[in-house]
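Computed from a prediction, not measured in an experiment: that's the story for all the values here.
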Amino acid sequence: MAYLLGVDTGGTYTDAVLLKDETEVIASAKALTTREDLAIGIGKAVRLVLETSGIAPDTISLASLSTTLATNALVEGQGGRVGLIYIGFRARDLDAHGLSDALKDDPHLICAGGHDHAGMEAHPLDEGAITDFLRAHRDGVSGFAVASQFATRNPAHEVRAASLVADITGHLASTSHQLSARLNGPKRAVTAVLNARLIGMIERLIGRAEQVLHDLEISAPLMVVRGDGALMSAEQARARPIETILSGPAASIVGARWLTGVQHALVSDIGGTTTDIALLQNGKPAIDPGGAQVGPHRTMVEAVAMRTTGLGGDSEVRVIGEGLKGGLNLGPRRLLPVSLLAVDAPKAVHDALDAQMRNTVPGEYDGRFVRAVPGQSLEGLGPRDTALLGRIGDAVCPLAEVVRVRIDTGALSRLVDRGLVQISGVTPSDASHVLEKLSGWDADAAEKALMLMARRRQGSGDVLAKSAKSLARIVVDRLTHQTALALLETAFAEESTYFGDAPQALARHTLMQAGLQDHRGLVRLSAGLNLPVVGLGASAASYYPAVGASVGTEMILPEHADVANAIGAVVGRISMRCSGSVTAPSEGLFQVHLRNGPVEVADQDAALTLLETNLRQEARAKAHAAGAEDLQITTTKDIRVAGVEAREVFIEAVLTVEASGRPRVASE
């Protein structure tokens, strides 16, 4: 008999679940996620599940963690300040694949070096420029990313630059060739930058999670869910945190399959920050061939094909003041619900809300608050940012008292992006407390905040709503509508038939929306999803029945849907994939691109065998390091040839080796 502990750290809740032999849920628990110290929420959830089950901590044989931390950070534009060393590229390459946007205003160096497509050195590495850059910025960033031209064909310059980073700054560098074996330097650079930005955040999460397990006398090894739903060791996650993007959503897909046994469905997981939707076909989620995309960033990380939308229970409710119609929109930014903030600081919140209610004219920042997040790194802050952070201090402050001039809004945005400050305001969670769909937080504070927002004027001059409850209904209806659009977009994106427009446009098309309403005029229109939806998440039972009705399909809400991510975290398999290529720089000569550089071979079969042998060794070693046993190893080959004068000429071969197995667990 083996007891397995799964933990999921989400944007709002941290879930824990205890399984027996992967066949039965024997206990589950939820606690609020504590962003200032994630260990507090993890500890509460695990303690609750241990108390509920009565299981001794030392009988747990495996612990596994899934998290939306990296996903949410990229959606919200958060993470540490990093430096990029960009080797062998041109300045205009910074604009490719959103690299400039990923960098924001962080420092970067473009220097000489890099290799050609055959893996031969194109230019010598400019170590002097790299050394000067590192010395200038080592105290102002939390990490460095390194991307070199054709590093997947020869990583020598990335390896040397990473060595300089370690020697001069003490940081571990995120090198692009270790994150992806595919070509496309700018896209690999984006992946490396985001990986470096996340390292400190994931390190804190894993380190504190391990400490909590130790304090609770749980000695089981800790695994982490990757974005493709497979498991990896905690040490591997520390080195490659970018692979944990979509970790929580991927775990939810695995959990949905385990809970329902469904073979063909859309799986929609609503959290505090995002709604994550994926197609389950033949019981398996597809892997996104283009690499995981989260928010505006397209990476080269293998992950489930999933659409992540900045829409959740804690999404910002934004008033649209332009135009005569006006209205509301939700997300993509996450706010701390006023009803939750009032649980932590009741006097400060209610005093401010009451004072704002007495004003005859609505204020721009009514119902909004700000507080600092303690324990975060402050490197790289400008004078105005530092001054604003000092003005906030340790207290919960009405936003109007902090933002005194318009230029302060820029400083506030930077502090929020860095994860140093939280803004609180009206969210769907507040609306649900007013409508008594949810309970547990301060419904009175939610009602006051919604009433303050309801007084806002639309472009027509009319107030937004006549009462807090009527505004709450508008907010929940808006969440239903935006969720339905996200489901339709996903379905259109996966359709085999091309309908002549982008999924976003098709989902919003007048005819589609009329069909959802079963339009009956001179033309009869009907539309809806042609497969069921599995609804997951703590608030799914509150919101998703209406969503199912709006898209005309069955909404499956399984038992334990609120902890599906935690279940998926512990029932997955360890899977390590390694890829490499063989090219032909000239006829009769084959170049095998290995981790330590290219090797020339005169025979095609010998070249392919050499590459496969190395990849199998690498994949097996990674799987064993992650704690896998009973390995199954498979190889896929993509051999590309061209017809030249009635004969086939070898162009390139790409091999991928996958080693997978269950985590080692100790039975009683």
Study note, to complete from the structure: In this structure, OG of S526 is separated from CZ of R524 (nearest 0.5 Å) by 7.0 Å

Check your understanding: Taking K30 for the side chain and D562 for the main chain, is one N or O donor matched with an acceptor at less than 3.5 Å?
Key -> yes

Point to revise | Between S539 and S542: side-chain donor-acceptor atoms closer than 3.5 Å | key: no

Point to revise | Side-chain H-bond candidate by donor/acceptor type, T480 with D477, under 3.5 Å | key: no

Check your understanding: Is there a donor-acceptor pair under 3.5 Å between the side chain of T52 and the backbone N or O of V49?
Key -> no

Exercise for review: Determine, step by step, whether N282 and K284 satisfy the side-chain contact (heavy atoms from CB on, under 4.5 Å) criterion, reporting the C-alpha distance in whole Å, the side-chain angles of both residues, the deciding distance to 0.1 Å, and the verdict.
Suggested key: CA-CA 6 Å; N282 299 319; K284 294 181 180 180; 5.7 Å; no

**Study point:** Reported CG-to-CG distance for the pair D314 and L335, which is rounded to 0.5 angstrom
**Key:** 8.5 Å

Point to revise | Sidechain-backbone polar pair: H560 side chain, V25 backbone, donor-acceptor under 3.5 Å | key: no

Revision key, fill the gap. OG1 (T260) and CG (L280) are apart, to the nearest 0.5 Å, by 7.5 Å

Practice item. Carefully, step by step, assess R307 and E494 under the rule salt bridge (Lys or Arg N to Asp or Glu O under 4.0 Å). Key: CA-CA 11 Å; R307 297 180 79 89; E494 297 293 340; over 6 Å; no

Review point. Any donor and acceptor pair, going by atom type alone, linking the side chain of R520 with main-chain N or O of L525 inside 3.5 Å?
Key: yes

Exercise for review: Check whether any side-chain N or O of S339 sits under 3.5 Å from a backbone N or O of D442 as a donor-acceptor pair, and report yes or no.
Suggested key: no

Review point. Does L531 reach the side chain of L266, with side-chain heavy atoms less than 4.5 Å apart?
Key: yes

Practice item. May I ask you to decide if D276's main-chain N or O and T274's side chain share a donor-acceptor pair within less than 3.5 Å? Key: no

Exercise for review: Would you mind telling me which of V476, V317, I270 makes a side chain to side chain contact (heavy atoms under 4.5 Å, CB included) with P428?
Suggested key: V317

Practice item. Provide the closest heavy-atom pair for T14 versus I42 in the form atom of the first, atom of the second, distance. Key: CG2-CA, 3.9 Å

Check your understanding: Can you name the nearest heavy-atom pair linking V349 to A445, along with the distance?
Key -> CG1-CB, 4.3 Å

**Study point:** Shortest non-hydrogen contact between L194 and A102, atoms and distance
**Key:** CD2-CB, 4.3 Å

Review point. Do M201 and L205 come within less than 4.5 Å of each other through their side chains, counting heavy atoms only?
Key: no

**Study point:** Least distance between heavy atoms, I202 atom then A237 atom
**Key:** CG2-O, 4.0 Å

Point to revise | Check: S247/S66 side-chain N/O donor and acceptor closer than 3.5 Å | key: no

Review point. Quick one: are F369 and L399 in side-chain contact, heavy atoms under 4.5 Å?
Key: no

Point to revise | Heavy-atom pair of closest approach, residues A278 and I253 | key: CB-CD1, 3.5 Å

Check your understanding: Do the side chains of Q263 and R257 get nearer than 4.5 Å, heavy atoms only?
Key -> yes

Check your understanding: Do the rings of F499 and F492 sit parallel, tilted or perpendicular, given the 30° and 60° boundaries?
Key -> perpendicular

Review point. Between the side chains of T483 and Y543, is a donor N or O closer than 3.5 angstrom to an acceptor N or O?
Key: no

Exercise for review: Specify the closest pair of heavy atoms between M357 and R455, including all atoms of both residues, with the distance to one decimal.
Suggested key: O-NH1, 3.4 Å

Review point. What is the distance from atom OG1 of T34 to atom CG of D344, rounded to the nearest 0.5 Å?
Key: 10.5 Å

Check your understanding: Counting only N and O atoms by type, is there a donor-acceptor contact under 3.5 Å from the side chain of S64 to the main-chain atoms of A569?
Key -> yes

Review point. Is the backbone N or O of T23 less than 3.5 Å from a side-chain atom of D21, with the two atoms forming a donor-acceptor pair by type?
Key: no

